[in-house]
Enquirer: 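Below is the structure I would like to discuss, written out as structure tokens.
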Amino acid sequence: MTLNVDPKALEALNNFKLPEDIGFGRTMVPIMAVCDFENGKWGELQLLPYGPLELDPTAKVLHYGQEIFEGMKAYHYEGHGPYLFRADQNAKRFNESAKRMAMAEVPEEIYLEAVRAIVGYSNDFIPVQSGESLYIRPFMISTEEHLGIKPSEKFKFLVIASPSGAYFSTGFLKVLIEREFIRACPGGMGAAKTGGNYAGSLISAQKAKSLGFQQTLWLDALEKTYIEEMSGMNFFSVINGKLHTPEIQDTILDGITRNSLIQLAKDLGYEVVEEKMNINDLLTAIENGSCSECFACGTAAIITPIGMLGDAGGNEWNIKNPEGPIAKELRETLLSLQEGRIEDIHGWRETVKVICH
Ligand SMILES: *Cc1c(COP(=O)(O)O)cnc(C)c1O
């Protein structure tokens, strides 16, 4: 795979300065990787200066929402790195999403080359404090013109990235149990990382905010009884010392953080239960104290403890131990692994070659 580097991209890199307060996802590195699919094949991978895209106003993504994305991070810590974490898993999931949304699959070499190029060229802009990172956003849109409803035959794959601090600034999340709207149904697209799932969930985010919560906990579509996930994170709780998380099905996004935590928890000697989780059983367990911790996990949020679950009727269930010793131990283990502070027994970490410019 050859990368065609636009001299303007190098110029943009050389002129770029990180602002002091970076936030999450607000500051973008001044380059982007772009590859177009047309006439049944992928073209050349290009490194361009970051900037607006030109699209025909009939481009299918703008009308029919054919879009998928990924979320990854590159880590730098005390002179080590930059590291990627299980990047191959993101590449595979990207293509699972592509299949579900009737889009062209991106060859893994192109996907990984684009991500490595963005990381390699952006090395100077990766924040170095523990918990900070370069947040990487690969995505693909359908660009074919004309308003006819059919799967597009033209696509644009891009990778952009954002030097980022912590995702949540608050300590514990207050989470709304959503009993009105649903996120995904069996046979739907809940397992795909596609914009439409987010578009459909924002009404609940608005509602949560107006009721004093920060996040939504989604229940299953058919019985509104079983816990599925949070809009961009998976859900765990600790009950009688064991970790519980809903088992993966096609209504739940198969989080790489979730998957990694299950393995790391087992390595640490915890029992992990992956099965259907009845919300009422969980609330009872919170009330009687057998549930000691709940937390959300995902690439952006890492592990964020949940302090309270509540509903739109004003009921509240406060978690006994929001400080969460198990969540804390898992977070520390995962982050140490991602930041290169402990041995990588599973072969999940990759050092990216820094490219001087
Ligand atoms: C991305 C995402 C997650 C978390 O997945 P990770 O691979 O751990 O980052 C969870 N739920 C949804 C809906 C997502 O889009």
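Position 1 is the first residue of the sequence, and the numbers go up from there. Order of appearance sets the numbers: ligands from 1, and atoms from 1 within every ligand. Source: prediction; values computed, not measured.
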Enquirer: Does any pair with a residue in residues 44-53 pass side-chain hydrogen bond (donor to acceptor under 3.5 Å, both in side chains), and if so which ones, sequence neighbours excluded?
Expert: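 Passing the test, one end in residues 44-53: Asn4-Glu44.
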Enquirer: Below 3.5 Å, can you tabulate the donor-acceptor pairs from side chains in residues 103-110 to any protein atom, sequence neighbours excluded?
Expert:
none

Enquirer: Is there a side-chain contact between Tyr77 and Tyr83, using heavy atoms and a 4.5 Å cut-off?
Expert: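 They are not in contact (no side-chain heavy atoms under 4.5 Å apart), so the answer is no.
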Enquirer: For residues 21-38, pull every pair meeting side-chain hydrogen bond (donor to acceptor under 3.5 Å, both in side chains), keeping only residues two or more places apart or in separate chains.
Expert: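 Output for this query lists Asp36-Lys156.
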Enquirer: Please tabulate, one line per pair, the protein N or O atoms found under 3.5 Å from any N or O atom of ligand 1, giving the distance to one decimal.
Expert:
unit_1	atom_1	unit_2	atom_2	d
ligand 1	7 (O)	Arg93	NH1	2.8
ligand 1	7 (O)	Arg93	NH2	3.0
ligand 1	7 (O)	Ile256	N	2.8
ligand 1	8 (O)	Ile256	N	3.3
ligand 1	8 (O)	Thr257	N	2.9
ligand 1	8 (O)	Thr257	OG1	2.6
ligand 1	9 (O)	Thr299	N	2.9
ligand 1	9 (O)	Thr299	OG1	2.6
ligand 1	11 (N)	Glu229	OE1	2.5
ligand 1	11 (N)	Met233	N	3.4
ligand 1	15 (O)	Lys193	NZ	2.7
ligand 1	15 (O)	Tyr198	OH	2.5

Enquirer: Does some side-chain heavy atom of Leu84 sit less than 4.5 Å from a side-chain heavy atom of Arg116?
Expert: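 Yes, at least one pair of side-chain atoms sits under 4.5 Å.
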Enquirer: Under 3.5 Å, is there a donor on one side chain and an acceptor on the other for Ser142 and Ser152?
Expert: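 No, Ser152 and Ser142 have no side-chain donor paired with an acceptor closer than 3.5 Å.
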